[in-house]
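One structure below.
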Amino acid sequence: MTETQVFEDLEQILQQGLAALEEVKDEAGLQAWRTAHLGRSAPVMQMFSRLPQLPKELRPQVGQRANQVKQALEAALAERGEQVRAASLQQKLASERVDVTLPGRQPLRGRLHPETQVLRRIFAVFEEMGFQVFRSRDVETDEYNFELLNIPAYHPARDMWDTFYTTRPGVLLRTHTSPGQIHVMRASAPEPIRAILPGMCYRYEQVSARHETQFYQVEVLAVGKNITFGDLKGTVNGFARRMFGQNVRTRLRPSYFPFTEPSAEMDVECFVCGGKGCPVCKGSGWLEIMGCGMMHPTVLRNGGYDPEVYSGFAAGMGPERISMLQSRIEDIRYFWANDLRFLEQF
Ligand code: PHE
């Protein structure tokens, strides 16, 4: 190997390295270039291992030159690295620019289901009047759902409740919250009771805008000495005023339920037309919101209270009905359809 050739080789190594570095555009390219041009098997590095094969007098000069080439490559790499990083920072700044004048994005807010909202209102109103919330079971026996409520088998009044029966004889899905009356009485006798019982009820109905196969009821129950129809009226009227406004007009119409005597249904003045008559109240000016009555002596006795000593009243209302009237919801099926377009309106 001639003297000149070694130096030419070194020069070529430097030039090729610098030329290749020009092409490097990113971090990965820098890494690859470092391995190829400054790594263990890079040409400049191999030059060092070739030194012992050179004539003795040539070694210091070649070694020195090789060192210079290596340092030049290192310096070029550092410089290129700066450029690449600066360029990628510029690009990042341009692409990730924040427009501080853009309006902020509304975070998604959770909300309570309209059913939960109306139930909480009802609970608050009754709690204010001294009533406690009780929970009863969804799966009931024929005995509790009907018989203990003075509705024997084959009684024509059973027609009022289309029932989902289970495959186990005598076990059914409650058709109303009234069986809870018996549970509460049996758990409380002979103490006086002021309770409300909310819960899902199930009926084998033809589904329509006004009828669902499942819906809520809130049962109201008061048992004690000297409880009169006047107490019933005062309680349901107090409820209506707190729920719908101080000046709302109400009326009780005679009705029939096997577990109350006398029985009534309560109407409130239609809040859509103010009592003049409109499609919502079907021209009557009144909206029915609950069934109620004085507890039947048989039911009191079945609950463990002597009807000669105790009396009581009960009422049952449909919260979806109330929510529908207040918010003018036209179809009860919206409640359990889980359609966000509906739920987001509350
Ligand atoms: N349970 C009755 C129904 O489902 C409502 C009601 C409850 C009526 C309590 C009177 C007393 O229709």
Side-chain angles (χ1 to χ4, degrees), residues 119 122 126 131 133-138 140-152 155-164 172-185 193-205 210-224 227-229 231-237 239-240 250-268 287-303 305 307 310-322 324 332:
L119 282 174
I122 295 170
F126 277 103
F131 286 74
V133 178
F134 277 84
R135 297 274 172 186
S136 186
R137 59 195 66 175
D138 288 38
E140 266 299 356
T141 57
D142 188 278
E143 188 189 12
Y144 273 84
N145 196 79
F146 292 122
E147 276 171 48
L148 294 169
L149 293 173
N150 202 28
I151 317 167
H155 191 288
R158 286 216 177 189
D159 257 13
M160 293 167 78
W161 298 276
D162 297 305
T163 310
F164 280 116
L172 46 82
L173 299 182
R174 67 173 165 200
T175 58
H176 51 176
T177 44
S178 299
Q181 291 184 21
I182 305 288
H183 289 294
V184 173
M185 282 192 287
I193 300 170
R194 262 187 288 180
I196 58 171
L197 293 118
M200 188 70 91
C201 301
Y202 308 85
R203 287 190 199 170
Y204 186 52
E205 299 266 8
R210 300 187 69 79
H211 296 97
E212 252 289 18
T213 52
Q214 59 180 82
F215 53 92
Y216 260 79
Q217 277 193 347
V218 178
E219 192 85 6
V220 186
L221 180 68
V223 181
I227 290 186
T228 65
F229 200 91
D231 295 315
L232 166 59
K233 257 182 102 165
T235 305
V236 293
N237 278 331
F239 165 74
T250 57
R251 72 175 183 189
L252 286 173
R253 267 181 301 106
S255 185
Y256 172 73
F257 298 101
F259 33 89
T260 47
E261 179 58 37
S263 302
E265 272 166 329
M266 188 168 84
D267 295 342
V268 294
L287 301 164
E288 184 206 317
I289 62 161
M290 69 172 96
C292 58
M294 299 307 291
M295 291 180 67
H296 195 285
T298 301
V299 177
L300 277 170
R301 200 177 299 115
N302 288 342
Y305 288 82
Y310 293 91
S311 57
F313 67 76
M317 67 184 85
E320 287 96 327
R321 276 302 286 292
I322 292 172
M324 286 169 79
I332 195 168

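Computation of the quantities below employed the complete heavy-atom set of this structure, encompassing side-chain atoms and omitting hydrogens, waters and symmetry-equivalent molecules. We count ligands from 1, going down the list as the structure has it; atoms in each ligand are counted the same way.
- An N or O contact shorter than 3.5 Å is missing between Q181 and ligand 1 by distance.
- Contact record, N237 with M266: OD1-SD, 4.2 Å, taken as the closest heavy-atom pair.
- Ion pairing of D231 with R194 is absent here, as no side-chain N (NZ or NE/NH1/NH2) approaches a carboxylate O to less than 4.0 Å.
- Of all the heavy atoms in P198 and R174, the pair that sits closest is O-NH2, 4.4 Å.
- Between the side chains of E140 and H183, a donor-acceptor pair is found at a separation under 3.5 Å.
- Only backbone heavy atoms of C292 (N, CA, C or O) come within less than 4.0 Å of ligand 1; its side chain stays farther off.
- Looking at ligand 1, you'll find an N or O of S178 within less than 3.5 Å of one of its N or O atoms.
- Heavy-atom contacts of Q217 reach the following atoms of ligand 1: 3 (C), 4 (O) (cutoff under 4.0 Å).
- For atom 7 (C) of ligand 1, the closest heavy atom belonging to the protein is G316 N, 3.4 Å.
- Not a single heavy atom of M290 sits closer than 4.0 Å to an atom of ligand 1.
- Between H176 and W161, the ring-plane angle classifies as tilted under the 30° and 60° cut-offs.
- Contacts with ligand 1 closer than 4.0 Å are made by side-chain heavy atoms of E219 only, the backbone lying farther away.
- Within the 4.0 Å heavy-atom criterion, the part of A315 lying near ligand 1 is the backbone and not the side chain.
- In this structure, F131 and F313 have tilted ring planes: the angle between them lies in the 30° to 60° band.
- When atom types are taken as modelled, the side chain of N302 and the backbone of I182 share no donor-acceptor pair closer than 3.5 angstrom.
- At a 4.0 Å cut-off, at least one heavy atom of R203 sits close enough to ligand 1 to count as contact.
- By heavy-atom distance, the residue among F259, F313, W161, Y256 lying nearest atom 6 (C) of ligand 1 is F259.
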